[in-house]
Each structure stands twice: as structure tokens, then as C-alpha cells.
Amino acid sequence: MTDKIKILAISGSTRKSSSNHLLIKAIADLAADKFEVSLFEGLTDIPHFNPDLDNGNAPAQVVDFRKQLDAADAILICTPEYAIGVPGTLKNAVDWTVSSMQFSKKPVALVTAGTSGFKAHQSLLGTLLIIEAKITNETQLVISGVKTKMNEQGIITNEETLDGVNKLIASLAGIVDNSVTELLPAPTLF
């Protein structure tokens, strides 16, 4: 593969100096030979989800978000956990894609990095699977105690974390080029 994989990175944190922004930078640096990473900057500009506004004339911020998702070969989501849940701004943005299906069949890597992260991770993973995102066991990672595992320059200092991130990069690239085919199944609905 000669062309780099276009990755749209979405940070669930609205803080500019967050650990999740640093983690996106670390992943972009580690995968510089494979990925061209661009950060979605408009998360806080997306209006509250309202199906009545999604009738063929969605708000401009939503249209822009959807276009950026469509143009990407894959999506990287790095998010903290707030009060054992998914940050509202991130969940709101994902909700705007349900009817337009930007995540359907799209390779996605999900990293939840914070103090803990397990509850938010499971919640967002369930959402992504039900809207048909392509995810493997290796393209998802929970990094608890993230501030102890990377430095302020965005360099991962914990070997186990670094190994997990490198596996995530390889698996995401593999989904894009179809060499990785063992995806997580969508939940069964009753």
C-alpha cells in the first residue's frame, strides 16, 4: 500500500490539553508511515441531536462532520470517561450519524483513556457495534490511569500500553486493507 490511510481522529474530551488529545498525537506519531491523521475540531459546535432537524436539511456543523467521516478511510476515537459514561458531546455527535450511517462498515478504533474507563468504553462500543462500525478486539483499548502511562509531550512511557497501541494501529490498518476480517459482531436485538 503506497497511499497513507486517511484517519479522522475524534477526541471525546473538550479540553485542548487533554490526555486523549496527547494520545491521538502519540498514535499519529507511531503510525506516521501508515496513517495521515486529521483531528476533528468541531465536536462542541455540533447542536443537540434532534431528529426533527435531520430531515434532509441538517445543520451545517452536522453536514461538515458527516463529510469528514465519509472522506476518512477509518475513524480513531479517543475518549475519557465522565461519571462512568460517554462524554455527552461525543455521544451527541455519534447520534447525528445513526440515520445517515457514516459509521456503517467504517473501520473504527476505540480508545477509552482516563482514570478508569471500562463503563464508558462498553457503552460506546455497544453503540458503535449496533450502528455497524467495523471493530476488532485489537482496535479497542482501555487505558486506565492514562496520566501515569504517557508524558506531557504525548510519548507513551508504559511498555504494555505501547504494545497495545501498536497492535491497535496494525489491526486498524488491517481492517482498511481487508487483511483483518475477524470483526466483533453487532449485538443481537430481540
Side-chain angles (χ1 to χ4, degrees), residues 7-31 35 37-41 43-44 46 49 65 69 72 74-98 102-103 106-152 154-175 180 183-187:
I7 305 290
L8 180 64
I10 304 168
S11 174
S13 176
T14 55
R15 290 179 50 234
K16 292 290 182 198
S17 60
S18 74
S19 298
N20 284 277
H21 280 88
L22 287 174
L23 195 51
I24 289 170
K25 178 192 176 304
I27 292 169
D29 290 346
L30 288 167
F35 294 167
V37 179
S38 61
L39 179 64
F40 177 67
E41 301 278 0
L43 196 64
T44 59
I46 295 175
F49 175 67
F65 179 53
L69 289 167
I75 309 301
L76 166 64
I77 299 173
C78 291
T79 185
E81 177 178 77
Y82 291 156
I84 71 165
V86 178
T89 52
L90 176 59
K91 179 63 168 75
N92 180 61
V94 172
D95 286 346
W96 276 106
T97 70
V98 173
Q102 273 71 33
F103 281 94
K106 183 75 73 170
V108 174
L110 173 60
V111 180
T112 308
T115 304
S116 176
F118 293 99
K119 296 281 187 181
H121 187 85
Q122 285 307 116
S123 176
L124 189 52
L125 178 62
T127 299
L128 292 169
L129 289 174
I130 206 68
I131 59 175
E132 302 178 335
K134 294 171 78 173
I135 300 177
T136 69
N137 283 323
E138 290 76 28
T139 59
Q140 55 171 315
L141 192 58
V142 176
I143 305 174
S144 297
V146 67
K147 290 184 183 221
T148 66
K149 296 176 179 171
M150 60 189 312
N151 64 27
E152 292 176 2
I155 297 171
I156 299 169
T157 55
N158 177 277
E159 288 301 318
E160 187 177 336
T161 302
L162 182 60
D163 183 53
V165 167
N166 281 322
K167 286 179 183 172
L168 178 135
I169 291 166
S171 186
L172 186 59
I175 296 173
V180 172
L183 304 174
L184 293 176

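Hydrogens, waters and symmetry mates are skipped; everything else that's a heavy atom, side chains included, is used. The structure displayed is predicted, hence computed values, not measured ones.
Counting heavy atoms from C-beta outward, I131 and V94 have side chains that approach closer than 4.5 Å. Contact of the E138 side chain with the L168 side chain is not registered, since no non-hydrogen atoms from C-beta on lie closer than 4.5 Å. Side-chain contact between K25 and L39 is absent, with no heavy atoms from C-beta onward closer than 4.5 Å. At least one side-chain heavy atom of L23 sits less than 4.5 Å from a side-chain heavy atom of I156. Residues I10 and L90 meet the side-chain proximity criterion, which asks for heavy atoms closer than 4.5 Å. Taking 4.5 Å as the limit, some side-chain heavy atom of I175 sits within range of a side-chain heavy atom of L183. By the 4.5 Å heavy-atom criterion applied to side chains, T139 and L184 are not counted as neighbours. Side-chain contact check for L76 versus V108: every heavy-atom pair is 4.5 Å or farther apart.
Checking each of S18, S19, S17 against H21 for a side-chain hydrogen bond (donor to acceptor under 3.5 Å, both in side chains) leaves exactly one that passes, namely S18.
Listed by first and then second residue, the salt bridge (Lys or Arg N to Asp or Glu O under 4.0 Å) pairs involving residues 162-173 are D163-K167 (not counting sequence neighbours). Listed by first then second residue, pairs satisfying salt bridge (Lys or Arg N to Asp or Glu O under 4.0 Å) with a partner in residues 9-19 read K16-E41, not counting sequence neighbours.
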Take T127 and F103, measure what side chain to side chain contact (heavy atoms under 4.5 Å, CB included) needs, and give me the verdict at the end. CA-CA 10 Å; T127 299; F103 281 94; over 6 Å; no
Checking H121 against L110 for the side chain to side chain contact (heavy atoms under 4.5 Å, CB included) test, could you report, in this order, the C-alpha distance in whole Å, the side-chain angles of both residues, the deciding distance, and whether it holds? CA-CA 8 Å; H121 187 85; L110 173 60; 3.6 Å; yes
Could you go step by step and tell me if S171 and T136 meet the side-chain hydrogen bond (donor to acceptor under 3.5 Å, both in side chains) rule? CA-CA 8 Å; S171 186; T136 69; 2.9 Å; yes
Please evaluate residues V98 and I130 with respect to the criterion side chain to side chain contact (heavy atoms under 4.5 Å, CB included), reporting the C-alpha separation (whole Å), side-chain torsions for both, the decisive distance (0.1 Å), and the verdict. CA-CA 9 Å; V98 173; I130 206 68; over 6 Å; no
Residue pair I75, L69: steps toward the side chain to side chain contact (heavy atoms under 4.5 Å, CB included) verdict: CA-CA 7 Å; I75 309 301; L69 289 167; 3.4 Å; yes
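In the model, T14 has no side-chain atom that pairs as donor or acceptor with a side-chain atom of T44 under 3.5 Å.
A distance-only check finds a donor-acceptor pair linking the side chain of E81 to the backbone of A120 [under 3.5 Å]. Side-chain atoms of T157 come within 3.5 Å of backbone atoms of K149 as a donor-acceptor pair (strictly under, hydrogens ignored). Of the possible polar contacts, none joining the T97 side chain to the A93 backbone as a donor-acceptor pair under 3.5 Å is found. In this structure a side-chain-to-backbone donor-acceptor pair under 3.5 Å is missing from K106 to E132.
By the 30° and 60° cut-offs, the orientation of the rings of F49 relative to W96 is perpendicular.
Across all non-hydrogen atoms, the minimal contact from S123 to V86 is OG-CG2, 3.9 Å.
Between atom CD1 of residue I169 and atom CG of residue L30 there is a gap of 5.0 Å, rounded to the nearest 0.5 Å.
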